[in-house]
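Scroll down for the structure; my scribbles are underneath it.
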Amino acid sequence: MLVFHYLHQLKLCAKRQTTSSTIKKLHAQLIKTGIAQHEPFPNTLLDAYAKCGFLNNARQLFDEMPQRDLVSWASLLTTYNHSDLPRRTLFTFHSMFAVDGLRPDHFVFASLVKACAFLGDTRLGKQVHARFALSSFCDDNVVKSSLVDMYAKCGLPDDAYAVFCSICLKNSAAWTAMISAYARSGRKADAIGLFQQAPFRNLFSWTVLISGLVQSGNGIDAFRLFIKMQRENIDIIDPLVLSSIVGACANLAVLELGKQVHCLIIALGYESCLYISNVLVDMYAKCSDITAANEIFGRIKHRDVVSWTSMIVGAAQHGQAKEALALYDRMVEDGIKPNEVTFVGLLYACSHVGLVDRGRTIFKSMVEDYGFRPSLQHYTCFVDLLSRSGHLNEAENVVNSIPFELDEAIWAALLTACKDRGHTQMGIRIADHLLSLKIENPSTYVLLSNVYAGACMWENVSKVRKLMTTMEVKKKPGYSSVEFGKETQVFYAGETSHPLKDEIFNLLRELDAEMRRRGYVPDTSSVLHDMEQQEKERQLFWHSERLAVAFGLLKAVPRTII
DNA sequence: GTAGGGTTAG
């Protein structure tokens, strides 16, 4: 009887994810009674510690087990996955053979696949898949569902589909994993097709479809589906889909829509959920309502890294570098550890106001105090900071010290500074190097052309131009948009067909005159070189962003945010 | 003892 009582209590602990003291009391009683080492207690205890997230206790128990079987090993692997330690899952798997000579079963395979999915490691994932396929568990549908999910997360929807087709009894986990695979890789038609084909529609499948589309940059489609979901009266019993849809508003920078979704969130009672607050901060910041972002941020009770980082990045993007850095200090005081994204935001903030020393300190601290290996993005921000503020040699040294393959953006940052500061020799050296790479960004061509033209290297200028014309076919014209009320107005550069064209022109001319009175000199360095100065200025004058802002000023109620 | 959904950069 006593045995069943303890088993039941431990299983309750695992299910309800109680505190460690509850499990420890039960554990102590089991030791006292002398049955702690009897089957199945060791594994049940391990599972309880693991499910409640007490990694160290679980590990200690595992190490002290007199006998470890497949269940013990599988529980340990699950524990590591549960604690976001996929590398340890994979590492531990190897000692399974070495220490106890056990071969993986379907439970172990499921854990390994999950770890690969977490890492997004295709190579490892395929290795695990191959071993699974050769094992005697190769028909297990649960492992196959995990494989579908793994391929989905690695961005390989076709591989996912091949596994999906081989599942004989497809349950909801398999279907949603596959819908997610298509949605997150932007295969809209396939995702929606599969979604409609699925034998069920629930909040889960709607969420994977909508969030996948948001992740692949199809925010408008995601929104349409979200509206459809509400029309179908799906109960939003948890806020996951809402965080995705707020993210869509942020990506699309649609403030009015974002506010409406915010109202819905309040109505459904999810406003104080941390995920939601965080994404609302980001949404308001991206939609240029930094005051609203600040308000939401201020109301969050227990801020995590993402809350702080969203606010730091928001401030940085609005040119509020000092505020961003002050936020960082407060964050550290609060005992919150920054992550890689936080440092991108901080370096970005420094770079926009030329805080070189502070930037250097931050970069150093990121590596030395927090042990992060800088990513290409960190390097790009740092190089941008150094070169913008004239420390070109230091910037070049940093670039040369980067231990992996470089992209166009980092060279372009350095080259821009060479051009602006008249470092011709260094500029030519970098331009030659860039020319040997495959350039994708049209503005890099303009930059190259101008650098060569500045050095009177006309042959290279024409070479760049030729590359540009082949490129031009693919280039989409830039546009700007502005919201007023429920409508959005889109403008292209030099647009002359707008009904309010004259009003816009007059306002821009007025503003231009005022700006010049206050010392504005048009910076035409980004316009192609061989035009007359006047023509260059005209091109800047009709920039789509100016048209959009002018239109906003003309139409909006005074004091609204444009 | 195993499987599916959400946030910050780009």
Side-chain angles (χ1 to χ4, degrees), chain A residues 11 14 40 42-44 46-48 50-51 69-79 81 104-114 117 137 140-150 152-153 163-164 167 170-181 183-184 198 202-212 214-215 217 238-248 250-251 270 273-283 285-286 304-314 316-317 338-348 375-378 380-381 407 409:
Chain A
K11 282 187 178 156
N43 283 337
T44 317
L46 179 62
D47 183 51
K51 289 245 169 76
D69 56 9
L70 265 173
V71 178
S72 332
W73 281 99
S75 301
L76 187 66
L77 297 181
T78 311
T79 312
N81 276 343
D105 67 354
H106 44 316
F107 288 90
V108 172
F109 276 122
S111 286
L112 295 178
V113 173
K114 196 172 180 162
F137 303 95
D140 188 84
N141 287 339
V142 174
V143 179
K144 285 185 189 173
S145 296
S146 326
L147 281 166
V148 173
D149 177 58
M150 189 268 292
K153 289 191 173 131
V163 181
F164 177 74
I167 301 176
K170 300 178 180 69
N171 64 7
S172 57
W175 280 96
T176 47
M178 194 56 226
I179 294 167
S180 174
R184 68 169 78 207
N202 54 25
L203 184 59
F204 233 105
S205 57
W206 277 105
T207 307
V208 293
L209 180 63
I210 291 170
S211 68
V214 174
Q215 281 167 31
D238 62 46
L240 278 76
V241 71
L242 295 171
S243 48
S244 283
I245 215 69
V246 177
N251 296 339
Y270 295 124
C273 163
L274 187 59
Y275 258 96
I276 291 291
S277 306
N278 288 350
V279 80
L280 281 173
V281 168
D282 178 59
M283 184 274 287
K286 292 230 171 79
D304 68 356
V305 222
V306 180
S307 328
W308 286 100
T309 304
S310 303
M311 203 57 237
I312 288 170
V313 170
Q317 283 170 343
N339 65 18
E340 291 96 323
V341 188
T342 320
F343 286 109
V344 175
L346 292 170
L347 291 169
Y348 187 78
S375 69
L376 192 55
Q377 227 173 109
H378 293 119
T380 307
C381 283
D407 68 350

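In what follows, every chain begins at residue 1, and chains take the letters A, B, ... in the order their sequences are listed.
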For this session: Starting from the C-alpha separation in whole Å, work towards a yes-or-no answer on side-chain contact (heavy atoms from CB on, under 4.5 Å) for Ile167(A) and Ser145(A).
Result: CA-CA 8 Å; Ile167(A) 301 176; Ser145(A) 296; 4.0 Å; yes
Exercise. Could you go step by step and tell me if Val281(A) and Ser307(A) meet the side-chain contact (heavy atoms from CB on, under 4.5 Å) rule?
Worked result: CA-CA 8 Å; Val281(A) 168; Ser307(A) 328; over 6 Å; no
For this session: List the steps, then state whether side-chain hydrogen bond (donor to acceptor under 3.5 Å, both in side chains) holds for Asn339(A) with Thr342(A).
Result: CA-CA 5 Å; Asn339(A) 65 18; Thr342(A) 320; 3.0 Å; yes
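The aromatic rings of Trp175(A) and Phe164(A) stand perpendicular to each other, their planes meeting at an angle above 60°, with 30° marking the opposite boundary.
Heavy atoms of Lys170(A) sit nowhere under 4.0 angstrom from any nucleic acid atom. Nucleic acid contact for Ile245(A): none, since no nucleic acid atom lies under 4.0 Å from a heavy atom of the residue. Residue-level contact check: Val279(A) touches the backbone only, with heavy atoms under 4.0 Å from sugar-phosphate atoms and none from bases. Within the nucleic acid shown, Lys144(A) has no heavy atom closer than 4.0 Å to any nucleic acid atom. At the heavy-atom level, Asp238(A) lies under 4.0 Å from base atoms of the strands shown. Counting non-hydrogen atoms under 4.0 angstrom, Ser146(A) reaches the backbone sugars and phosphates but no base. Among the atoms of the strands shown, only primed sugar atoms or phosphate atoms (P, OP1, OP2) are found under 4.0 Å from some heavy atom of Asp282(A). Among the heavy atoms of the strands lying under 4.0 Å from Asn339(A) is at least one base atom, whether or not backbone atoms are also near. At a threshold of 4.0 angstrom between heavy atoms, the contacts of Val341(A) include nucleobase atoms, whether or not backbone atoms are also involved. Residue Ser310(A) is in sugar-phosphate contact alone, with no base atom involved, counting any heavy-atom pair closer than 4.0 Å across all strands shown.
With a 4.5 Å cut-off on side-chain heavy atoms, Phe137(A) and Val143(A) do not count as touching.
By the salt bridge (Lys or Arg N to Asp or Glu O under 4.0 Å) test, Lys286(A) pairs with Asp282(A), sequence neighbours left out. Contacts of Ala50(A) classified as side-chain contact (heavy atoms from CB on, under 4.5 Å), with partners at least two apart in sequence or in another chain: Thr79(A). Under the rule for a salt bridge (Lys or Arg N to Asp or Glu O under 4.0 Å), the partners of Lys51(A) that lie at least two apart in sequence or sit in another chain are Asp47(A). For Val313(A), the side-chain contact (heavy atoms from CB on, under 4.5 Å) partners two or more places apart in sequence, or in a different chain, are Thr309(A), Gln317(A).
Within residues 173-181 of chain A, the residues that have a heavy atom under 4.0 Å from DNA chain B are, in order of number, Ala173(A), Thr176(A).
If you walk DNA chain B from 5' to 3' and mark each nucleotide with an atom closer than 4.0 Å to a heavy atom of chain A, the marks span dG1(B) to dG10(B).
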